[in-house]
Structure formats: C-alpha cells, structure tokens
Amino acid sequence: MAKIIVSDSADLVDRWIAAIKDRRPDIEAVPLAELGDSDEARASVDYALVWQPDPGFLASLPNLKLIVSVGAGLDHLTNDPLLPRHLPTVRMVDPGLTQGMSEYCAWGVLSLHRLFVPLLNSQASGAWQVVHAPIASNTRVGVLGFGVLGSRAGEALQALGFQVCGWSRSAKQHDSIPLYSGDDGLAEMLPTCDYLVLLVPATPDTFHLIDADFLARCKPGVGIVNAGRGSLIDDDALLEALDSGQAGGAVLDVFHQEPLPSDHPYWQHPKVIVTPHVAALTYPETGGEHVVAAINALETGEPLPALVNWDRGY
Ligand code: NDP
Ligand code: OXD
C-alpha cells in the first residue's frame, strides 16, 4: 500500500487525512508526527504533503516520489537547503484558497478605495467626517502576478466595477483584462494604476520588486495590497513613499519576518493595514482533490498539475 505523510497545522492534519482517504482509500495517509524515526519508517513513505517541513526532512526519505506543497507559495520549501529538487513538486491549487484570495484582494482594494482607515479613525474620535471615494470605473487596479490566484482576483475586482489590468512573466491573453509582461510591460502599466495587488511568488527575480525606483514610477498616491510575500517589498522604500505621499496607503498580509516584530513601523503607521498572513488558506476538503489528482497523474504517467519548475523558481 502506498503511503503519504501529512504535515500541516495540528487542526488540519485529520481533515487532510479524511480528504485523501475519501478519494483514495487504498493510500495510507499518516500524520508526520506519527511516522517514527526509524530507517524503516522513513523508507515506507512514497508521497509527502507538507507545510514548512524541517530542513533536511524530505531529503531523509529514501523512497519519496512526490512532494505536494500545502501552500501555493513555495518559500516554506526553498528555505530547506537540502530540498530534493530532482523530485516532482506540485504547488497547491485549491478552489477554497482561490476564493479566499479573491475576497482578500477585493477587501484590500476596497479598504483603500473607500478610505476605510480614515473612517475608522473618525469613528474612534466620534467625528462625523464625510469622505468621498473616487468612481471605481475611473480607477485602475494592476494585478502583479496573473496566475491562478491573480487572475481570479482580477476578475473579482473587475466584477466590482474597477478597471483591471494584469502583469505576468510570460505574455498571456485574457478576454476582458489587458495583460502586460516583462520589464517593458511593467513600465507601460505602472504609471496607469491607482492600486497594485501583489501576487507574484517569492523568487530571486521578484525580491524587492517594489523598491524606491519602482515606487517612483507609480502614479502618485498609489495604493499597494501585498498578499504575495514579504520579500517582494523593500520596506524602507515603501515607508518612505507612504510618508512622502507617493504611496497613498498599503494593506499588507505578508512580511519579511513573520510574525511581524512588535516594534515594526507598519503596526502603527496611519496609512497601513496589517493582517497576519491570513489572506487565503488551503482547505483540505477542496484541496484534497488536487493532492489526489497529483498522485494519480504520477502513478499513471500523466502530466502533473501545477508542477513546479525550479529553473524559473515557481
Ligand atoms: P501562480 O504560479 O499560478 O502565478 C504566479 C504569477 O506570477 C504568474 O502569472 C507568473 O507569470 C507571475 N510571475 C512569476 N514570476 C514573475 C516575474 N519575475 N515577473 C512577472 N511575473 C512573474 O501562483 P499563484 O497565483 O497560485 O500564487 C501566487 C502567490 O500567492 C504564491 O506564490 C504565494 O506567495 C502567494 N500566496 C499568499 C497567500 C496568503 O495567504 N497571503 C496564500 C496563497 C498564496 P506567468 O503567468 O508568466 O508564469
Ligand atoms: C500559501 C500561503 O502559500 O498560505 O498558500 O501563504
């Protein structure tokens, strides 16, 4: 019997095991915590469904054939210098995660657009302070990273009435959303956007994508929603842009260091909303379909869904 080990937060492990057993009762799904340390136990593992595995753990499984990331992001794996990159690895694609991300991005853009922070401050001081938001149809949102999550978030924002455009690494097309790619595409798109939603993955190419030069090329007062990864933003540059007015506000879910240190200026900044990496979660009940699809594809020699290409970093 093939075996998959499951490592995720304690409250989710049993739900993953049920989700896998429902679809493939012939696979033994075991919590990582119950695997044991013997060579025999490690040799019995065929597949691994993991979130933040201990460095070196995956490399210690001699018969491992497939790694499935619990998250859409991969930095929890690439932090491991011994990650067995020769093995097929698949990113998470989960309708529940995608829906959550669309909700978060819509909420983040609306929070900035509808001046939610000043309104809350007015309430706190008991002030009846009327503020007016610009018309959404005259407001352009650029989604940086137009993959599984970015494309759905862009469509949700478009459904709310915003003009939406997207940016990706490779040139792509969408029926109703103009798309840009590469450095030239970014240069063309940036000055036209009132808000930017960040949904590119953390790779060497995207490290500090949002730096002083990038921010200077944006429309003055640009609002930033970062649901991708903290490494995308040079924090000093963003803080400077927020203080000078070049950036109008930021909704930030992900940070270089998590939890965000208690003395970080973002916490108290009057133009920043901080959320604790909660933009979107993977749900075993819906994500289980993807895990089993990946195993089925591996076993039957079909192309794997959401297979990671380590040469491009995601
Ligand atoms: P995908 O791989 O489907 O999409 C990534 C997108 O980013 C693609 O459009 C890709 O371009 C683009 N991209 C990658 N590198 C570059 C680059 N150098 N320049 C321009 N575009 C680039 O990933 P997902 O949509 O599934 O996930 C995106 C990210 O969201 C994850 O990596 C993770 O960091 C984050 N995330 C955050 C969560 C949270 O709770 N905060 C929850 C889940 C995910 P192309 O289309 O050409 O490949
Ligand atoms: C993910 C995340 O990558 O939750 O899925 O951040």
Side-chain angles (χ1 to χ4, degrees), residues 8-9 12 16 49-52 68-79 89-105 107-108 142-156 165-174 177 179-190 196-211 214 224-233 251-256 258-260 273-284 286-287 290-291 304-314:
D8 196 356
S9 48
L12 292 173
W16 276 120
L49 169 65
V50 284
W51 177 250
Q52 295 179 337
V68 182
S69 166
V70 164
L74 297 165
D75 41 322
H76 70 108
L77 296 175
T78 53
N79 290 338
T89 299
V90 306
R91 301 181 309 100
M92 181 53 61
V93 177
D94 163 31
L97 177 80
T98 305
Q99 170 67 22
M101 187 56 83
S102 296
E103 291 168 7
Y104 183 91
C105 294
W107 168 81
V143 182
L144 303 186
F146 208 77
V148 173
L149 300 178
S151 56
R152 278 298 298 121
E155 287 162 3
C165 57
W167 181 67
S168 54
R169 202 176 65 103
S170 55
K172 303 186 349 180
Q173 292 208 321
H174 185 277
I177 297 179
L179 298 182
Y180 302 80
S181 61
D183 291 344
D184 291 348
L186 187 65
E188 193 182 338
M189 170 179 148
L190 268 193
L196 293 171
V197 170
L198 311 185
L199 277 173
V200 284
T203 68
D205 287 343
T206 62
F207 183 81
H208 283 191
L209 173 69
I210 314 312
D211 62 7
F214 177 104
I224 308 276
V225 176
N226 186 13
R229 281 296 183 263
S231 63
L232 307 179
I233 295 185
V251 175
L252 305 175
D253 186 56
V254 281
F255 304 92
H256 279 275
E258 296 180 6
L260 184 65
I273 298 176
V274 167
T275 56
H277 200 144
V278 291
L281 299 176
T282 305
Y283 296 85
T286 45
H290 178 67
V291 178
L304 269 69
L307 180 65
V308 175
N309 174 343
W310 287 121
D311 289 337
R312 63 174 197 189
Y314 64 101

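Computation of the quantities below employed the complete heavy-atom set of this structure, encompassing side-chain atoms and omitting hydrogens, waters and symmetry-equivalent molecules. Atoms within each ligand, like the ligands themselves, are counted from 1 in listed order.
The two atoms that bring V93 and V148 nearest to each other are CG1-CG1, 4.1 Å, heavy atoms only. Between D8 and L12, the shortest heavy-atom distance links the atoms OD2-CD1, 3.4 Å. Taking every heavy atom of both residues into account, C165 and M189 meet most closely at SG-CG, 3.7 Å. When all heavy atoms are compared, the tightest approach of H76 to S69 is NE2-OG, 2.8 Å.
Residue contacts with ligand 1 do not include G71, since none of its heavy atoms lies under 4.0 Å from the ligand. Heavy-atom distances between A280 and ligand 2 reach below 4.0 Å in at least one pair. Residue contacts with ligand 1: T203 is excluded, as none of its non-hydrogen atoms falls under 4.0 Å. Under a 4.0 Å heavy-atom criterion, M92 is not in contact with ligand 1.
Contacts between L281 and ligand 1, counted as non-hydrogen atom pairs separated by less than 4.0 Å, are absent for every part of the residue. Contacts with ligand 1 closer than 4.0 Å are made by no heavy atom of L144, backbone or side chain. At a 4.0 Å heavy-atom cut-off, ligand 2 touches R229 through the side chain alone.
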| task | Before giving the answer on side-chain hydrogen bond (donor to acceptor under 3.5 Å, both in side chains), spell out for H208 and S231 the whole-Å C-alpha distance, their side-chain angles and the decisive distance to 0.1 Å. | result | CA-CA 6 Å; H208 283 191; S231 63; over 6 Å; no

| query | Stepwise, does the side-chain hydrogen bond (donor to acceptor under 3.5 Å, both in side chains) test hold for T286 with D94? | reply | CA-CA 6 Å; T286 45; D94 163 31; 2.5 Å; yes

| Chi angles and distances behind the side-chain hydrogen bond (donor to acceptor under 3.5 Å, both in side chains) call for Y104, T275 | CA-CA 10 Å; Y104 183 91; T275 56; 2.6 Å; yes

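Proximity to A279 (heavy-atom distance under 4.0 Å) selects the following atoms of ligand 1: 39 (C), 40 (O), 41 (N). Within the listing of ligand 1, atoms 28 (C), 29 (C), 30 (O) sit less than 4.0 angstrom from a heavy atom of L199. Listed by number with element, the atoms of ligand 1 under 4.0 Å from a non-hydrogen atom of H277 are 39 (C), 40 (O), 41 (N). Atoms of ligand 1 lying under 4.0 Å from any heavy atom of G73, numbered from 1 in the order shown and given with element: 31 (C), 32 (O), 33 (C). Short contacts between ligand 2 and H277, defined as distances under 4.0 Å to a heavy atom of the residue, involve ligand atoms 2 (C), 4 (O), 6 (O). Taking every heavy atom of D253 and a limit of under 4.0 angstrom, the matching atoms of ligand 1 come to 39 (C), 40 (O), 41 (N). Annotation for ligand 1: atoms under 4.0 Å from non-hydrogen atoms of A227 are 35 (C), 36 (N), 37 (C), 38 (C), 39 (C), 41 (N).
In terms of protein heavy atoms, atom 5 (C) of ligand 1 is closest to P201 CD, 3.8 Å. The closest protein non-hydrogen atom to atom 19 (N) of ligand 1 is W167 CH2, 3.3 Å. Counting only heavy atoms of the protein, atom 26 (O) of ligand 1 lies nearest to R91 NH1, 2.9 Å. Here the protein heavy atom with the shortest distance to atom 21 (N) of ligand 1 is R169 N, 3.0 Å. From the protein, the heavy atom lying nearest to atom 48 (O) of ligand 1 is Y314 OH, 2.6 Å. Counting protein heavy atoms only, atom 5 (O) of ligand 2 is closest to A72 N, 2.8 Å. Ranking protein heavy atoms by distance to atom 4 (O) of ligand 1, first place goes to G147 CA, 3.2 Å.
One distance of note links CG of L144 with CZ of F214; it measures 5.0 Å at 0.5 Å rounding. The CG atom of D211 sits 11.0 Å away from the CD1 atom of I233 when rounded to the nearest 0.5 Å. One finds the CZ atom of R152 at 7.0 Å from the CD atom of Q99 (value rounded to the nearest 0.5 Å). The CG atom of L186 lies 11.0 Å from the OH atom of Y180; values are rounded to the nearest 0.5 Å. Note that OG1 of T282 is 4.5 Å distant from CG of L97, once rounded to the nearest 0.5 Å. Atom CZ of R229 is separated from atom OG1 of T203 by 12.0 Å, given to the nearest 0.5 angstrom.
In N309, the CG atom is crowded: over 12 heavy atoms of neighbouring residues, nucleotides or ligands sit closer than 6.0 Å.
Polar contact check, M101 against ligand 1: no nitrogen or oxygen pair lies under 3.5 Å apart. Ligand 1 has an N or O atom lying under 3.5 Å from an N or O atom of S170, backbone or side chain. Close N/O approach between A280 and ligand 1 is found [any backbone or side-chain N/O within under 3.5 Å]. Distances between N or O atoms of G228 and those of ligand 1 include at least one value under 3.5 Å. The N/O atoms of V148, backbone and side chain alike, include one that comes under 3.5 Å of an N/O atom in ligand 1.
Closest to atom 44 (C) of ligand 1 by heavy atom, among L198, L149, L252, L74, is L149. Of the listed residues (G287, G73, A279), the one carrying the non-hydrogen atom nearest atom 3 (O) of ligand 2 is G73. Within the set H76, R152, K172, the minimum heavy-atom distance to atom 46 (O) of ligand 1 is found for K172.
In this structure, W107 and V251 have side chains that are in contact, with non-hydrogen atoms separated by less than 4.5 Å.
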